[in-house]
Amino acid sequence: MKETKEFQTESKELLNLMINSIYSNNEIFLRELISNASDAIDKYRYQALSSKGEMPLNEFEINLSVDKKKRTITISDNGIGMSKEDLINNLGTIAKSGSKDFASKLKEAKEKQDLNIIGQFGVGFYSAFMVASKIEVLTKTYNGQGYLFTSDGQESYTIEEKDKETVGTEITIYLKKSSKEVDYDSYLEQYKIKNLVKKYSDYIRYPIKMMVTKSEQVLDKDGKPVEGKYEDKQVLETLNSMIPLWKKNKNEVTDEDLNEFYKNKFSDYENPLASLFVRVDGKITYDALLFIPSHIPYNLYSDSYERGLQLYSKGIFIKDKCQELIPDYLKFVKGLVDSGDFSLNISREMLQQSPIMQKISENVEKKIVDKLKDIKKTDFDKYVTFWKSFGELIKYGIYSTYGAKKELLQDALIFHSLNNEDKYISLADYKEKMAKDQKYIYFVSGENLDAIKLLPQLEKYRKNNVDVLLLDQKIDEFAIMMLHDYDKVEFKSISDESANEVSKEEQEKIDSVTADNKRLFDTLKEALAGKVNDVVVSSKLVDAPVCVSTKDGLSLEMEKTLNEQPGAEDTVKVEKILELNPNHPLFEAFTKVQNDDELVKNYASVLYEEAMLLEGREIVDKKAFVDKINELFIRAMK
Ligand code: ADP
């Protein structure tokens with residue numbers, strides 16, 4: 001006898017969303033049904049094992065088949081099956097209705113007609129109504145009666161007795177008619193089903209089998225292949241590999257395996273720079289495969305790039321690009337995390353708030369950074385390769401967290417330095433090589449290494465053989481500012497006026513030169529008002545006639561970077577000090593004419609522009625500068 005029953009209210013609401021859905025990710029229905037089939041087999045197996053031999057242990061498998069004429073997909077398993085009550089309780093009622101979160105989300109989604117709820121919640125069996133206009137479930141428990149459940153996912157479903165030979169469940173999906181928006185017919189294609197199984201259910205522990213058509217060479221009567229003659233044959237194929245690589249024993253997994261896995265899964269043509277196979281068993285439990293690519297993914301810095309790791313729960317794929325698993329600064333890392341601590345149907349919000357997720361993420365972050373430090377120690381050249389691609393992001397990690405990750409990241413940093421020319425040095429090495437009386441870790445920044453090496457401020461450090469970190473990336477100084485010190489030694493920009501340590505004698509000399517040329521300095525200051533805040537005698541220049549230093553730890557490079565930010569439009573102005581080299585003939589020339597205020601004023605701007613040029617800046621008023629130079633030529637050549 002056929003009975004018709006109404007769906008429970010909340011089920012109706014959810015089904016309504018499903019049946020009207022044109023959710024682009026509707027392919028997940030197959031994952032959901034396969035996962036249910038796998039669970040059902042788990043349950044049967046467990047019962048059979050505890051039945052002391054009464055229930056047979058079958059060859060467990062999940063079968064897929066497609067009927068193009070009827071436009072159906074069938075998923076069958078030899079699992080636990082469902083009784084009539086089970087059908088009513090499990091399929092007529094939505095299991096998560098107890099969850100408040102779900103009820104309120106559902107209400108919200110209904111009001112806004114928001115289909116994202118489908119992506120936010122694993123919606124199990126009902127997700128099949130995204131692609132189906134009708135579903136039939138034929139099922140039988142061990143020693144039980146067979147039942148047929150049918151529904152169009154609207155108001156009601158029917159249940160009737162129907163004989164079934166084997167224990168288990170067979171679900172037949174009648175596909176919706178394809179429309180402009182969605183091509184449901186694509187699910188009738190072998191390759192599509194195969195791809196979906198590979199993508200979502202590869203690691204299901206039971207074989208997922210399907211009859212596939214294969215083109216094979218025709219054999220002659222002696223069993224020899226006939227050249228050029230092929231025929232289509234039906235072959236039962238297992239579509240999934242069943243054992244996830246990350247579930248194997250660590251010592252069974254070779255580097256080669258990891259490389260191949262990475263290239264297949266993350267579509268890279270090159271082996272990864274490094275792979276990590278992580279297995280954590282403690283308060284949190286997870287397995288992870290993590291990869292550091294050997295080159296920058298082409299879209300890493302574009303908006304289209306989505307960071308994140310794949311998330312699995314006990315071998316079942318939950319979510320791609322799970323951002324919560326990895327901090328932004330490690331966005332170049334590829335990989336997956338499998339943790340039984342998550343349920344399959346966890347919602348996006350729950351994921352974000354999940355303390356387990358946070359713990360795993362912190363743990364993964366630490367593993368990756370430790371691995372990087374390890375490479376740095378054992379294979380510095382390899383680390384340099386890594387650094388050239390991703391070093392900027394590590395520095396961004398320090399900057400963007402306001403120094404909170406200092407302890408974790410500072411020893412992953414490497415820099416170019418004056419004494420290491422085009423090589424790199426770590427902060428620990430820098431500190432180790434410091435002279436006893438050196439108070440600071442010195443650095444200087446600029447557009448690129450070549451420009452930096454020409455900076456006049458470096459002269460004295462070069463002469464005294466004091467090493468200076470050469471910072472050629474915009475983020476560098478900002479990251480260093482967040483670090484503040486390394487192992488209690490402060491960082492100091494050599495462009496900062498306070499960087500220069502002068503002896504008593506030097507100071508006395510500076511003071512006397514300043515006093516002797518008071519009028520010159522006053523005139524220059526007046527002429528350059530608005531450009532520099534002070535004009536002083538320099539103690540740091542050796543060969544160059546002039547330089548510009550700054551105050552309060554803000555450098556010219558930082559000024560430039562900050563002013564390049566959208567909305568800043570040259571609003572940032574650092575305090576600048578023009579320093580003159582008292583030992584340079586140019587200074588002498590100026591002192592000779594210092595009583596001629598007009599002359600000094602006239603050429604003050606040339607001094608300033610010259611200094612800014614050496615700092616790698618552009619001359620703003622090029623015409624005025626050229627005119628002044630020409631005047632000087634004419635004077636000199638008269
Ligand atoms: P979930 O799997 O998250 O519990 P579903 O809506 O997918 O939610 O399924 C509801 C219930 O229906 C399952 O918990 C299970 O008891 C039952 N069920 C679904 N598919 C099968 C199946 N193939 N065999 C046996 N029981 C099933």
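None of the values given here were measured: they were computed from a predicted structure. As the structure lists them, so they are numbered: ligands from 1, and atoms in each ligand from 1.
Judged purely by atom type and a 3.5 angstrom limit, T93 uses its side chain to pair as donor or acceptor with the backbone of I88. Using a distance-only test at 3.5 Å, with no hydrogens or angles considered, a donor-acceptor pair links the side chain of R307 to the main chain of I326. Judged purely by atom type and a 3.5 angstrom limit, N249 has no side-chain atom pairing as donor or acceptor with the backbone of N251.
Looking at F125 next to ligand 1, an N or O pair under 3.5 Å apart turns up.
Between E32 and ligand 1 there is no heavy-atom distance shorter than 4.0 Å.
Across the listed options D86, N90, N78, N90 owns the non-hydrogen atom lying nearest to atom 17 (C) of ligand 1.
Residues T169 and K164 come closest through the heavy atom pair N-NZ, 4.3 Å.
Contacts with ligand 1 closer than 4.0 Å are made by side-chain heavy atoms of L91 only, the backbone lying farther away. With a 4.0 Å cut-off on non-hydrogen atoms, D39 does not touch ligand 1 at all.
Y329 and S400 share no side-chain donor-acceptor pair at under 3.5 Å. Donor-acceptor pairing under 3.5 Å is recorded for the side chains of T158 and T150.
For ligand 1, the atoms sitting less than 4.0 Å from at least one non-hydrogen atom of A40 are 22 (C), 24 (N), 25 (C), numbered in the order shown with element in parentheses. Shown in contact with K43 at under 4.0 Å from a heavy atom are these atoms of ligand 1, numbered in order with element: 16 (O). The ligand atoms of ligand 1 that sit less than 4.0 angstrom from a heavy atom of T169 are 22 (C), 23 (N), 24 (N), 25 (C).
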